[in-house]
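Taking it in order: structure first as structure tokens, then the write-up.
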Amino acid sequence: MSMIGKPILYSYWRSSCSWRVRIALNLKEIPYDIKPVSLIKAGGEQHCNEFREVNPMEQVPALQIDGHTLIESLNIMHYLEETRPQRALMPQDVHKRAKVREICEVIASGIQPLQNLTVLIYVGEEKKREWAQHWIHRGLRAVEKLLSSSAGKYCVGDEISVADCCLIPQVFNARRFHVDLRPFPIVLRIDRELENHPAFRAAHPSAQPDCPPEATK
Ligand SMILES: O=C(O)/C=C\C(=O)CC(=O)CC(=O)O
């Protein structure tokens, strides 16, 4: 495999999808540099011509690695898993692997895209909070049900997986939109389990170079 310098992650501090990839890179102990892309400055740097060459979907994350540019967080995490299998983020067992992908899909297709910035702008200022709450609550209800049969210490069994990389940032977004998380005790337990894990802490929005000082805890 050709290694052409350190990987570069196009990232935004509060983007939950960038955050998934930061966790995966940290868990696998892959050194990387961050290129911040502001999703809010001047209408969003992700929409500029230069960035559209990096990601035609005009979103973060994108990862430059091994001479390629990759987009879509799940795709990026699976590429990391396939090229750097050490510190595995997928279980060996095929049934458990399916469970991991199931939870990832529910979050990455069934929750996050409905509450991301572009959709909320389209929904409008007046309705956006109620909208985001509705879709996050509906999705987390499904996640909680799935976890009731798959979870051990983490989302699927006792090993950290790609599913945990998706869950923790989504819980942050739920809190951001004031979703009542009390109906989801397993989600909350896994969130507590991982909040102090070094790889998760280092990936947190408040630890990012582009986090505005007023947002750091
Ligand atoms: O700081 C901001 O307000 C702008 C953007 C975001 O939060 C990122 C999202 O669109 C939400 C998400 O990643 O799920």
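Order of appearance sets the numbers: ligands from 1, and atoms from 1 within every ligand.
Distances from atom 9 (C) of ligand 1 to the heavy atoms of N173, L117, L114 show the closest one on L117.
Among the candidates R52, H47, E53, the single residue satisfying the side chain to side chain donor-acceptor pair (under 3.5 Å) test with N49 is R52.
At a threshold of 4.0 Å, the pair D191-R175 counts as salt-bridged, since one of the basic side-chain nitrogens sits closer than that to a carboxylate oxygen. A salt bridge links K28 to E81: one of the charged nitrogens lies within less than 4.0 Å of a carboxylate oxygen. Residues E144 and R141 are not paired through a salt bridge, judged by the lack of any N-O separation under 4.0 Å between the basic side chain and the carboxylate.
Residue, atom and distance of the protein heavy atom nearest to atom 12 (C) of ligand 1 are Q112 NE2, 3.2 Å. Of all protein heavy atoms, the one closest to atom 3 (O) of ligand 1 is R176 NH2, 2.8 Å. When only non-hydrogen protein atoms are considered, atom 5 (C) of ligand 1 lies nearest to Y12 CE2, 3.6 Å.
The distance criterion of under 3.5 Å between nitrogen or oxygen atoms is not met by N116 with respect to ligand 1. The shortest N or O to N or O distance between S15 and ligand 1 is not below 3.5 Å.
Remark: aromatic rings of H204 and W13 are distant, center separation not under 6.0 Å.
Listed by number with element, the atoms of ligand 1 under 4.0 Å from a non-hydrogen atom of S16 are 12 (C), 13 (O), 14 (O).
Between the side chain of E193 and the backbone N or O of Y154, no donor-acceptor pair lies under 3.5 Å.
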